[in-house]
**Q** 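First the structure, which I've put down as structure tokens, then a few questions once you've had a look.
This one's a predicted model, so the numbers in the text were calculated from it and none came from an experiment.
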Amino acid sequence: MPKSKLLALYLRALKPNIKFLQAGKLSKDFVMSKFKQIFLYVCVALFALGAGSFLRSVLTESYQVELSSTESQQGAKAILEANLPDIHGENQAVSQWSGKVLVVNFWATWCTPCQEEIPEFVETQEKYREQGLVFVGIALDQADKVKMFSQEFGINYPVLVGSMDAWSLAAAAGNRMSVLPYTVVINRSGEIAETYVGRVNLKKLEKLVLPLLKETVLAQPSEKTS
């Protein structure tokens, strides 16, 4: 709960006691006792809020997997070779966005962190679209719910419906614990540059993506003819 709401609850709880005190119905000692109780409740709530954030951070880091070079190549290959229906039911090959910097986000409509980060993805997509950034949302959910969610949130990047089959794609890219959201950044050369377990820190994402956008795809050496 935001600190501003906690403060509002604190003041709301004090208001009746102040009125009674003014009417001479409560003693000073009683009111001070109430003050201490309410203050203690607020402190406990703030501590719980901070502890919850810290615990979520620790658990997120524990789920983070560092991919080997081979695993990175295999994970990127699996994603780029995927062919999944979009929210209109038309199959889309992820490979059509090869050569772009891809931010592939595995998510679901019922996932709260997903709901929180998607509006930021929409803004980032609009900001860096012309520089070659493409977000691709792969929803592990029902098609009708995904379509409704996409329209409601005004998602401006490709959204594919992977249903439960897409878990294998996320796992291939390092999501061993089946955590959502899970985000994979693939550079222009088709290699995994980074993965994120849980909600993405937008500043960290931009810091990673900006240099990748400036890179060019290395030309493959041509085979010598005999």
**Q** Does a side-chain N-to-carboxylate-O contact under 4.0 Å join E194 and K204?
**A**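 So E194 does not pair with K204 through a salt bridge.
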**Q** Does E191 have any salt bridge (Lys or Arg N to Asp or Glu O under 4.0 Å) partners at least two apart in sequence or in another chain, and if so, which?
**A**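 Expected list: none.
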**Q** If we check side chain to side chain contact (heavy atoms under 4.5 Å, CB included) with Y128, which of these qualifies: V209, V101, L133, V134?
**A**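 Of V209, V101, L133, V134, side chain to side chain contact (heavy atoms under 4.5 Å, CB included) with Y128 is met by L133 alone.
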**Q** Under 4.5 Å between any side-chain heavy atoms of I79 and V184, yes or no?
**A**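 Yes, side chains in contact.
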**Q** Between L180 and W167, is any pair of side-chain heavy atoms under 4.5 Å apart?
**A**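 The answer is yes; the side chains approach within 4.5 Å.
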**Q** Run the ring pair (Phe, Tyr, Trp, His ring centres under 6.0 Å) test against F135 and tell me which residues pass, sequence neighbours left out.
**A**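 Counting only residues at least two positions away or on another chain, F135 forms a ring pair (Phe, Tyr, Trp, His ring centres under 6.0 Å) with F121, Y157.
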**Q** Can you name the nearest heavy-atom pair linking E120 to V200, along with the distance?
**A**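 Distance-wise, the nearest heavy atoms are OE1-O, 4.3 Å.
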**Q** Only distances under 3.5 Å count here; give the side-chain donor-acceptor pairs of residues 88-98 to other protein atoms, sequence neighbours excluded, each with its distance to 0.1 Å.
**A**
residue : atom : partner : partner atom : Å
Q92     : OE1  : Q96     : NE2          : 2.9
Q92     : NE2  : D86     : OD2          : 3.1
Q96     : NE2  : A93     : O            : 3.0
S98     : OG   : S95     : O            : 2.9

**Q** Which heavy atom in I192 sits nearest to a heavy atom in A173, and how many Å separate them?
**A**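 Shortest heavy-atom separation between I192 and A173 comes out as CD1-CB, 4.2 Å.
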**Q** Would you check if the side chain of N156 reaches a backbone N or O of V122 as a donor-acceptor pair within less than 3.5 Å?
**A**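 Yes, because the side chain of N156 sits within donor-acceptor range (under 3.5 Å) of the backbone of V122.
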**Q** Over all heavy atoms of both residues, which pair between Y196 and L208 is shortest? Give the atoms and the distance, please.
**A**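 That closest heavy-atom pairing would be OH-CD2, 3.4 Å.
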**Q** Rounded to the nearest 0.5 Å, how far apart are CG of L213 and NZ of K100?
**A**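 Reported value, rounded in 0.5 Å steps: 10.0 Å.
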**Q** Show, in sequence, the C-alpha distance, side-chain angles and deciding distance for V161 and L84, and conclude whether the side chain to side chain contact (heavy atoms under 4.5 Å, CB included) test is met.
**A** CA-CA 6 Å; V161 184; L84 300 169; over 6 Å; no
**Q** List the atom of A193, the atom of L212, and the distance in Å for their closest heavy-atom pair.
**A**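 Heavy-atom minimum between the residues: CB-CD1, 3.8 Å.
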**Q** Can you measure from CD (Q142) to CE (M148) and round to the nearest 0.5 angstrom?
**A**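 Atom-to-atom, Q142:CD and M148:CE are 11.0 Å apart.
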**Q** Can you name the closest pair of heavy atoms from P181 and C111 and give their distance?
**A**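 The pair with the smallest heavy-atom distance is CD-SG, 3.6 Å.
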**Q** According to side-chain hydrogen bond (donor to acceptor under 3.5 Å, both in side chains), who are the partners of E81, at least two apart in sequence or on a separate chain?
**A**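 So E81 forms a side-chain hydrogen bond (donor to acceptor under 3.5 Å, both in side chains) with K77.
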**Q** For F149 and W107, I'd like to know if the aromatic rings sit close, meaning centre-to-centre distance below 6.0 Å.
**A**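 Close enough - the centres of the two rings lie under 6.0 Å apart.
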**Q** Output all residues satisfying side-chain hydrogen bond (donor to acceptor under 3.5 Å, both in side chains) with K145, sequence neighbours left out; order by chain, then residue number.
**A**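 K145 satisfies side-chain hydrogen bond (donor to acceptor under 3.5 Å, both in side chains) with no other residue.
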**Q** So, taking the atom named CG in L210 and the one named NZ in K214, what distance separates them when rounded to the nearest 0.5 Å?
**A**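 Here the interatomic distance stands at 6.5 Å.
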**Q** Flag the pair L80 / L102 as yes when at least one side-chain heavy-atom distance between them is below 4.5 Å, and no otherwise.
**A**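 Yes, side chains in contact.
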**Q** So, for A166 and I138, which heavy atoms are closest and what is the spacing to 0.1 Å?
**A**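 Of all heavy-atom pairs spanning A166 and I138, the closest is CB-CG2, 3.8 Å.
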**Q** May I ask you to test the L169-F106 pair for a side-chain heavy-atom distance under 4.5 Å?
**A**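 Yes, side chains in contact.
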**Q** Between atom NZ of K207 and atom CG of N201, what is the distance when rounded to the nearest 0.5 Å?
**A**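 Answer for the NZ-CG pair, K207 versus N201, is 10.5 Å.
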**Q** Who passes salt bridge (Lys or Arg N to Asp or Glu O under 4.0 Å) against E123, sequence neighbours left out?
**A**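 Scan of E123 (salt bridge (Lys or Arg N to Asp or Glu O under 4.0 Å), adjacent residues dropped) gives none.
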**Q** I need the single residue from L205, N175, N105 that forms a side chain to side chain contact (heavy atoms under 4.5 Å, CB included) with T183. Which is it?
**A**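 Between T183 and the candidates, side chain to side chain contact (heavy atoms under 4.5 Å, CB included) is satisfied uniquely by N105.
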**Q** If I take atom CD1 from residue I118 and atom CZ from residue R199, how far apart are they, to the nearest 0.5 angstrom?
**A**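 The CD1 atom of I118 sits 11.0 Å away from the CZ atom of R199.
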